[in-house]
Amino acid sequence: LGDVYKRQDLARAASERLVEALGPTSAQAAPAMLALARADSDAGDLDAAITRLEAMLGSEQQTATHAQARELLVDCLLRLERHDRALAAARAATEESHRARLLMLVALTADAAGDLETADAVAREVLAGMPDHPQAIELVHAIAVERGTVEQLIADLRARAAGDGSEPALRTLARIATLQGDAPAALDAWERLLALHPEDPDAHRAIGGLALDAGDLDRAERAFRRALELTPDSQPTAEALAEVLVRRGRTAEAVTTLKRALGYDPADITGVRSLSYALARYSLHHEAVAALREARAATGDERALAWEMARAQIALLDYPEATRELLAALDQEDVSARMIGHELERLISDEIAGPEVLAVIAGQPAGGLTDARRVALGRAWLAAGDTARALEL
């Protein structure tokens with residue numbers, strides 16, 4: 001089979017025979033039909049690809065392969081500027097998020113072609129089913145800006161928000177007010193949504209963000225805490241609450257909040273890495289070092305997460321320790337040697353860090369170096385202006 005896949009002509013012949021044997025609408029033949037359609041598309045024969053795709057999508061049994069086929073069909077139709085047929089194909093998608101994605105593809109293509117009327121209509125169609133769809137809201141707003149009809153758009157939304165079934169209009173109004181930088185209008189819309197749905201985590205989170213921007217830390221904390229109670233696994237909400245706690249000087253509480261949201265396990269290297277990045281975003285570098293050390297103790301690997309430890313030590317201005325960690329990272333596969341070498345060069349070029357970094361590098365044994373270490377150390381000496389030592393490595 002490996003040899004067959006290297007021969008595109010044989011692969012195509014096999015797919016064609018399978019389709020002939022099972023029929024174009026057979027679920028078992030769907031992968032072969034899709035492969036043939038992709039080959040036609042890649043060859044520039046879009047009509048042939050469309051014919052195959054429409055045939056296979058006539059099947060009563062729809063699979064993940066059929067979803068991929070519909071995406072390719074919409075793409076091919078748009079490339080041929082058959083927008084009406086592309087729109088019909090997108091609307092025929094059965095799963096809501098998939099349908100919205102295809103409709104937005106049609107809307108964005110229309111917008112790029114200068115057909116603002118179609119783009120606006122299709123984006124609003126998406127919003128009718130998914131009022132929070134950010135891409136659709138942004139497109140509707142951008143089109144209104146281009147047309148000079150933003151005030152009319154907002155007036156229409158406010159009128160709909162005052163009537164029955166106000167929720168979709170309120171959600172769109174809240175997002176557009178944010179795009180406009182109108183914090184009071186956005187806050188009003190989210191508060192009205194919260195009155196309709198007191199346990200809406202999005203509304204609590206949005207109100208928290210607006211309060212945080214306004215410097216109202218009390219209200220921001222209350223809103224983020226409620227949102228986190230409703231969605232305990234939401235990392236963005238946990239990070240937002242942590243930012244509030246850091247601003248209030250409650251560092252330990254901020255760390256606990258992040259650990260709980262991330263399901264912190266010191267033996268889980270991936271999870272500890274995510275935690276260290278989150279802590280770094282709020283300048284909690286001592287806490288990041290502590291978490292990284294816990295991971296090393298739990299895993300028994302004294303050099304685990306060396307790159308992350310180096311970044312934390314640099315932030316703490318401990319350049320000798322950061323250099324040792326960077327050199328340890330060269331023996332791992334988490335980060336490329338080139339990136340580590342670049343970081344060493346940057347530190348050496350720093351007036352304060354440079355002498356301390358060079359002192360550590362100079363103490364490295366000359367023998368038994370890996371190629372990665374040789375290259376990184378060589379580049380470091382070049383950055384320091386010592387060409388002779390660089391060439392030796």
Side-chain angles (χ1 to χ4, degrees), residues 15-16 19-20 22-144 146-147 149 153 156-157 160 165 168-169 171-172 175:
S15 294
E16 287 174 341
V19 170
E20 183 180 353
L22 299 177
T25 60
S26 166
Q28 290 78 14
M33 282 286 284
L34 180 57
L36 290 169
R38 281 177 172 158
D40 290 334
S41 174
D42 292 342
D45 193 349
L46 299 181
D47 282 314
I50 290 169
T51 298
R52 291 186 193 277
L53 294 166
E54 289 180 336
M56 70 175 288
L57 287 170
S59 171
E60 293 183 2
Q61 184 178 354
Q62 298 289 301
T63 66
T65 303
H66 289 84
Q68 295 175 45
R70 191 171 298 282
E71 290 187 14
L72 181 57
L73 174 60
V74 171
D75 177 67
C76 289
L77 289 167
L78 289 175
R79 286 162 64 186
L80 289 175
E81 298 184 3
R82 298 172 186 172
H83 295 166
D84 289 344
R85 287 176 64 184
L87 185 56
R91 285 172 173 159
T94 55
E95 200 274 320
E96 186 177 37
S97 62
H98 185 217
R99 181 169 59 254
R101 185 168 68 251
L102 295 179
L103 287 172
M104 282 307 303
L105 180 60
V106 176
L108 291 169
T109 301
D111 181 55
D115 185 355
L116 301 185
E117 184 176 350
T118 297
D120 186 56
V122 176
R124 288 172 185 265
E125 181 178 339
V126 172
L127 290 176
M130 301 179 70
D132 268 344
H133 197 289
Q135 196 177 26
I137 292 172
E138 289 174 10
L139 182 56
V140 167
H141 177 257
I143 291 171
E146 188 169 351
R147 288 173 161 177
T149 58
L153 171 64
D156 290 344
L157 288 169
R160 286 165 48 203
R171 290 189 180 279
T172 304
R175 304 291 188 188

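On a predicted model such as this, the values are computed, not experimentally measured, just so you know.
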Shortest non-hydrogen contact from [X] to [Y]?
| X | Y | value |
| --- | --- | --- |
| Ile143 | Leu116 | CD1-O, 4.0 Å |
| Thr172 | Pro131 | OG1-O, 3.6 Å |
| Arg70 | Ala89 | NH1-O, 3.0 Å |
| Glu96 | Gly129 | OE2-O, 3.1 Å |
| Ala107 | Ala123 | CB-N, 4.2 Å |
| Ala86 | Leu78 | CB-CD2, 3.7 Å |

Next on the checklist: Looking at Ser41 and Ala37, would you say the former's side chain and the latter's main chain have a donor-acceptor pair under 3.5 Å?
Outcome noted: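 Checking the backbone N and O of Ala37 against the side chain of Ser41, no donor-acceptor pair under 3.5 Å is found.
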
Does the distance from a Lys or Arg side-chain N to an Asp or Glu carboxylate O, for [X] and [Y], drop under 4.0 Å?
| X | Y | answer |
| --- | --- | --- |
| Arg79 | Asp75 | yes |
| Arg124 | Asp120 | yes |
| Asp47 | Arg82 | yes |

From [X] [atom1] over to [Y] [atom2], what is the distance, rounded to the nearest 0.5 angstrom?
| X | Y | atom1 | atom2 | answer |
| --- | --- | --- | --- | --- |
| Arg171 | Leu127 | CZ | CG | 12.5 Å |
| Ser59 | Met33 | OG | CE | 10.0 Å |
| Leu103 | His98 | CG | NE2 | 10.0 Å |
| Leu87 | Leu102 | CG | CG | 10.5 Å |
| Leu77 | Ile50 | CG | CD1 | 4.0 Å |
| Leu53 | Leu72 | CG | CG | 5.0 Å |

Checklist entry - Could you give all pairs that pass the salt bridge (Lys or Arg N to Asp or Glu O under 4.0 Å) test and reach residues 97-112, with sequence neighbours left out? => result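 Qualifying pairs: Glu71-Arg101.
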
Item to check | Working for side-chain contact (heavy atoms from CB on, under 4.5 Å), residues Glu81 and His83 | outcome: CA-CA 5 Å; Glu81 298 184 3; His83 295 166; 4.3 Å; yes

Next on the checklist: Could you go through Arg147 and Glu117, starting from their C-alpha distance and side-chain angles, then the distance that decides it, and tell me whether this counts as side-chain contact (heavy atoms from CB on, under 4.5 Å)?
Outcome noted: CA-CA 10 Å; Arg147 288 173 161 177; Glu117 184 176 350; 3.9 Å; yes

Next on the checklist: Any heavy-atom pair between the side chains of Leu108 and Gln135 that's under 4.5 Å?
Outcome noted: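 Yes, their side chains come closer than 4.5 Å.
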
